[in-house]
Each structure stands twice: as structure tokens, then as C-alpha cells.
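Every number for a ligand or one of its atoms is a count from 1 in the order of the listing. Residue numbers start at 1 and run along the sequence shown. Side chains are part of it too, since the values below use all heavy atoms of this structure and drop only hydrogens, waters and symmetry mates.
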Amino acid sequence: MPTVPLPPPYSTPDPYEPDAAKSGESISARVITTMRQSQDGGEQMDAMLALTEQMVELAPMGMVVLDIVTLQVRLANRMARQLYSRASGAPGDRLIGQRVDLLLPWLEERGLVAQLQVAARTGEALRELTLDHISVPGRVGATYWRYDIVPLSEVAQPTRDVLVVINDYTQEHVERQRAEHATFSAQLYAEKLEAVIEQIGEAVIVRDQQGRMLAYNRAALSYACNRRAVERARARGGRQEPRWELCYPDGMSVAERERPSWQALLAGTPVSTDQYCIRQENGVMLPVLIQAAPLRDESTAIMGLVITFQDITAVKEVERLKDEFISVASHELRQPLTVIQGQAQLLDRHLRRHTSGAAPLNLEVLGQIAEGIESQTVRLNLLVSDLLDMSRIQSGELRLDVAPTTLLEVLDHLIGLQRSTTLDHQFVLDVCLSEGMRDLKGEWDRRRIEQIVLNLLSNAIKYSPDGGEVRIAVEFLPEGRSIEPQHARRPKAIAGPAAHIVVRDHGIGIPHEAMPNLFERFYRAGNTVGIQGTGLGLYICRQLALAHHGDLWAESAGIGEGSAFHLVLPVQHV
Ligand code: ADP
């Protein structure tokens, strides 16, 4: 594009001469005349100048050329005329030749004249200046201008002309103020809301209709997968949005559209579900009951969503126990009952044949039947009392009938009983007690202590199907001494002197992964297939030990490596 040479500003005839300006003749027209004269009136130049004039006139910003000496307006395009009229309330069509300090008297106060002079003197443009709140008496509202002052000088020549480019940003300013106000009130609203929901124990999250977070309480934050990052940001006075990771019980993430919040928005009605878990920051998955309900304004339009969640681990555990209970009760109770029924039928047939004279009474057969019925009745009895014990423990109704009980007496008696039940196992009692301590006593419920030891001994037999040695070791732990050396665990509850009993076998052992759950109700390790049991014994034994202010725990090097069960009970002062 060819460059358009600017007219020499003060050549003769001077188009910017104040008298000419006063005549009201268009300044652009005079520029063109000058150009024509100096350029021999080339047609191309004419077209170019006409275009430039049009561009200036129609430019979307106000453009004003001022004479810095007289402060008269030499050029004002359409936008400048409109802006003037809007700001002053006066018509904008008679600006040319007028003194700017008289047109807009308040500009003087704002230092505009000084700014014009600085720009003209230094020859450097002043950019992005602002004039805030130009209010005109008698008019509502205010005008906001942003303007640049550009001296129209040739290189290294002083100038009398400055161009002022003005943009009206009143609208932008009003919008910004409105947005700031809205943000401020939203923030205030969110803070108030947060203060209210903070008082609720349940986790609560409030979102707007676009799903953006409005407020959440501390309980909700405790479930977030980025909880620590949010807390750190808060401590620094910043803000980071918490995130909640919803997944199925198998660990799979829940898709956006499956989420209760989405469903509630979609349906426009409250949604409640207990089929999801929340994965916390430490990776632990908690089963939760989630409720999401749309929030409506007076016109019933949905304006947001409130979501609550509640940890239902305990509820799920009760459900699991109920299921386990039903399955154990139905399986374990049915088995001995079926055997008893079979034996009764056998007895009936035998007696019929005897009554009809078909066969004599066979006392040996009768004895076997009686034995079978008795052993199954014992089994039933044990099972029923285990179930009863479990519910007593659960409801806190376990009562102990304590009296001074001599430990070695109990152990001798029970080992004797167990010896008579097996030929494949050898029982060794290892007493590491000084002579004076052989009558080591505790304030215990003898029946319950027997129940614990009996359970440990019968487990040692049951889980050593190939037989082998079962060693029972007893030692005294004086006050303050821990258990040596590798089992350095001493229950916190026992501060005083204690008896430490270990029942060790060389049986099937306990898989590592089973260790944390071994003392839970109905828990059985994976390597017990084919061995009868309910998974209740160890749970009851441990609860009984705790009720005596003692403890019970297990050790095993793994499958096939045997097991050791440690029982610690407080003893009377010795
Ligand atoms: P049950 O023997 O009826 O299954 P318990 O509560 O007594 O129930 O034991 C729970 C689980 O602990 C058993 O199923 C078994 O997996 C494990 N366990 C207990 N004692 C032993 C042992 N001596 N050797 C190996 N595993 C054992």
C-alpha cells in the first residue's frame, strides 16, 4: 500500500489556521486540497485521501486533533462528536474551532491540558489514560473514557498538533462493576451458606445448576481425594476445589452420567443410593449413602443441587454379618441335625426289625448310634453357644463370673482332655515359671478362660491334620516387661504383671493376607477348605481375653509353616 505523505502542518496556505478552523470547513477537505496542490492532483492520491477521510470519520473511536497553542479543535470525527454530546449534554456538531478547555471545563481540573502540553513538548505519546466518572450536572450516570494523546510531529520537530484518540468504556465499566458486585454477593452468599452447613454433621455439598461448587462443609472435605491439598491451599489463604472420587464397590470409577448429582438434575427429583463407595485420599473405600436433591427458586426453576453423603460402613457390616449368620446357621446347624435324623432313622429300623423278630438287638450298633447322636448334639450345643456368645458380646451383655483361678490347673485339665481326643498329636506343656510361681493366679472367669484355651487347643489339632507336636508354653511377665524377642507386643491394657501363654502347632499355618482379619466374626482363611468351622471361635476368644483386660493375637510364617497363638492375661500381684 503506498504511503500517504502527511501535509506539512504549517505550510502556506495553512489549513489549520485558526480563522480557517472557525469557518467550519471540513478539515479533511482542506487536507485533500493541500495534498492535491502539492501532488499535482494525481487521481490515485485523490482516491486514497478520500478513503483516509472516510476511515477517520467512521472510525469506531473518537479522534480529535487539537492545536496545543490555542487549544482549539481542528478535527473531530463522528464518534468524537457523539462522545462529546453524550458526556456534556450539548450538541456535538459545532466542535471545530472551539477551545477544548471551554467545551469541557472539567477536563482542566483533571489535568488534561497539562498532559497535552507534555505530549507536545516531548513528542512522545501518552497511552491508556483514563477519565473516570465524568458526570454532567443534571444528567444521571457518568461517562468513562480511556484515551491516548499522540503528538503529530515530524521527526525532531516540535508540534502544535496533537491527536487524541478516545474510547468510551462506560458500558464495560458498568458491566465490570456489576460482575464484581455479583461475585462479591455470591461469595458472601457462599460464605453464609458454608457457615450454616458447617453445623451439620453429615457431609454436605451445594452446587449451582451448572455443577459449580457453591459451598461444602468440613465433613464433606474429610471424604475428598485431595483433602490435604485443599487444606494446604486454605492455610495459605488460597482456594482449591475439593474432588470426591465415586466408585463401585469393585473399585471401578462411576461415570459422570451415573452420578447421583447428574441423575437428580436430569430427573428434577431427589435421588438416593447406597450402591457407591468414596475412595478417600489414603485409598480406603468407604461405602456411602448419597442423597442428591435439586434446589428450586420461587418460580420452581432448578437453581442448584444439594448433595449429602453418609458413611454406612457399620450398616454394610451389619448386613454382611446378617448374611454370614444366616449362611453359617443354616449350613452348620443343618449338618448335625441331618446326622442326628439319620441316626434316629437307623435306630428306628433296628428296633422294628427286633420287634418283628427279624433280628436280635445289637448292642454294639445301638452304642454307635447313641455315640453319633451325642457327638452331633455336642457340636450343636457348641454352635448355639457360640452364636449366643456372639450376640451377647455385640450387645455388651457378656458377664464374667470372676474368682481367683490357678493357671496351671486349668492348663493341665484341658491338655488332659485334648490328649484323649487324638492319637496323632503330642501335647507338650512348657512351664517357664520358678518354683514359687507354679500357683500363678488371676482374677478370672474360669469357664471363659477354659473356653479360650480349649478353642486354641482344638484349633491346633484341627488345623494340623497330619498330626504333630502341640506345644503350650507358659511364662510370667513382671510389670513393665515386654514379650521377647520377636513377638515384642504387649497389650497396652496390661501394665501390671501378666501370664503369657503360647499355643504353637506345626499345621497348615496362616496365609499372610488372612492375618489382619483372623479375629473378625465368621472369618476363615482361604487354606481351610475341607476343614469344618464357622469362623466364630477366635472372635469370641479375643473378646473374652479383652474382657479380662488381656489380649490374644496370632503369628505364622505362612501356609504350611504352623501357627502360634499368644494369650496374655493379667495376674494377681506376686
Ligand atoms: P473356625 O476354626 O471355626 O474356622 P476360628 O475363629 O476358631 O474359626 O478360626 C478362624 C480362622 O483362623 C480359621 O478358619 C483358620 O483360618 C484360622 N486358624 C485358627 N486357628 C488356626 C491354627 N491353629 N492354624 C491355622 N489356622 C488357624
Side-chain angles (χ1 to χ4, degrees), residues 320-321 323-336 375-376 378-394 398 411 414-415 418-419 421-422 424-429 448-473 487 501-547 551-567:
R320 183 187 74 82
L321 288 177
D323 293 348
E324 290 281 3
F325 182 88
I326 292 169
S327 103
V328 166
S330 58
H331 179 254
E332 293 294 317
L333 290 176
R334 190 179 302 147
Q335 238 186 359
S375 73
Q376 294 308 315
V378 169
R379 205 177 136 193
L380 263 182
N381 233 326
L382 284 175
L383 189 65
V384 172
S385 38
D386 272 359
L387 292 174
L388 273 176
D389 277 349
M390 183 188 79
S391 58
R392 275 196 203 109
I393 290 167
Q394 264 178 275
L398 185 80
L411 293 181
L414 295 177
I415 291 170
Q418 290 302 304
R419 272 202 184 110
T421 64
T422 170
D424 302 326
H425 300 85
Q426 301 81 47
F427 291 87
V428 180
L429 178 60
R448 293 304 193 175
I449 297 301
E450 282 183 356
Q451 185 179 347
I452 301 175
V453 177
L454 200 63
N455 212 306
L456 297 182
L457 293 178
S458 56
N459 272 358
I461 297 171
K462 187 163 76 168
Y463 294 112
S464 312
D466 298 333
E469 186 184 81
V470 176
R471 187 171 283 266
I472 302 104
H487 337 294
I501 304 125
V502 188
V503 177
R504 201 180 298 275
D505 65 55
H506 300 280
I508 64 170
I510 303 166
H512 295 296
E513 65 277 10
M515 280 299 190
N517 307 318
L518 216 58
F519 294 88
E520 280 174 19
R521 282 161 283 189
F522 301 113
Y523 183 83
R524 306 202 70 211
N527 61 336
T528 58
V529 181
I531 305 177
Q532 244 173 21
T534 59
L536 271 181
L538 285 185
Y539 164 73
I540 294 170
C541 290
R542 176 142 199 274
Q543 296 304 316
L544 289 176
L546 292 175
D551 202 357
L552 173 66
W553 69 97
E555 278 175 8
S556 172
I559 295 180
E561 299 294 329
S563 321
F565 285 83
H566 295 254
L567 171 66

Give the atom numbers and elements of ligand 1 that come within less than 4.0 Å of a heavy atom of [X].
{"X": "Lys462", "result": "1 (P), 2 (O), 3 (O)"}
{"X": "Thr528", "result": "14 (O), 15 (C), 16 (O)"}
{"X": "Ala525", "result": "14 (O), 16 (O)"}
{"X": "Leu536", "result": "6 (O), 8 (O)"}
{"X": "Asn455", "result": "7 (O)"}

- Keeping the roles fixed (side chain from Arg542, backbone from Leu552), state whether a donor-acceptor pair exists under 3.5 Å. yes
- Is there a donor-acceptor pair closer than 3.5 Å between any side-chain N or O of Ser556 and the backbone N or O of Gly558? yes
Please report which non-hydrogen protein atom sits nearest to [atom], along with the residue it belongs to and the distance in Å to one decimal place.
{"atom": "atom 21 (C) of ligand 1", "result": "Tyr463 CD1, 3.3 Å"}
{"atom": "atom 3 (O) of ligand 1", "result": "Thr534 N, 2.8 Å"}
{"atom": "atom 4 (O) of ligand 1", "result": "Arg524 NE, 2.5 Å"}
{"atom": "atom 19 (C) of ligand 1", "result": "Asn459 ND2, 3.5 Å"}

- Task: Consider every N or O of Gln532 and every N or O of ligand 1, then say whether any pair is closer than 3.5 Å.
- Result: no
- So is there a nitrogen or oxygen of Leu518 less than 3.5 Å from a nitrogen or oxygen in ligand 1? no
Heavy-atom nearest neighbour of [atom] within options [options]:
{"atom": "atom 11 (C) of ligand 1", "options": "Phe565, Tyr523, Tyr539", "answer": "Tyr523"}
{"atom": "atom 24 (N) of ligand 1", "options": "Ala460, Ala564, Gly562, Ser563", "answer": "Ser563"}
{"atom": "atom 23 (N) of ligand 1", "options": "Ile510, Asp505, Asn527, Leu538", "answer": "Asp505"}

- Query: Hey, is CZ on Arg320 packed in by over 12 heavy atoms from elsewhere, all under 6.0 Å?
  - Reply: yes
- Note, Asn459 side chain near Leu538 side chain (heavy atom, < 4.5 Å): yes
- Message: Quick check: do Phe427 and Leu411 have side-chain heavy atoms less than 4.5 Å from each other?
- Response: no
- Task: Of the side chain and backbone of Leu456, name the one, both, or neither that has a heavy atom under 4.0 Å from an atom of ligand 1.
- Result: neither
- Query: Taking all non-hydrogen atoms of both residues, which atom of Ala564 and which atom of Arg504 are closest, and how far apart?
  - Reply: CB-NH1, 3.6 Å
- Message: Tell me whether ligand 1 is touched by Gly507 - counting only heavy atoms on the residue side and a distance under 4.0 Å.
- Response: no
- Task: For Arg392, check salt bridge (charged side-chain N to carboxylate O under 4.0 Å, His left out) against everything at least two apart and list the hits.
- Result: Asp389
Side-chain donor-acceptor contacts of residues 516-525 below 3.5 Å, not counting sequence neighbours, with atom names and distances?
residue: Arg524; atom: NH1; partner: Ile531; partner atom: O; Å: 2.9
residue: Arg524; atom: NH2; partner: Tyr463; partner atom: OH; Å: 2.9
residue: Arg524; atom: NH2; partner: Ile531; partner atom: O; Å: 3.0
residue: Arg524; atom: NH2; partner: Gln532; partner atom: O; Å: 3.4

- Which of these passes side chain to side chain contact (heavy atoms under 4.5 Å, CB included) with Gln418: Val470, Ile472, Leu457? Leu457
- Query: Between the side chains of Arg379 and Gln335, does any donor sit under 3.5 Å from an acceptor?
  - Reply: yes
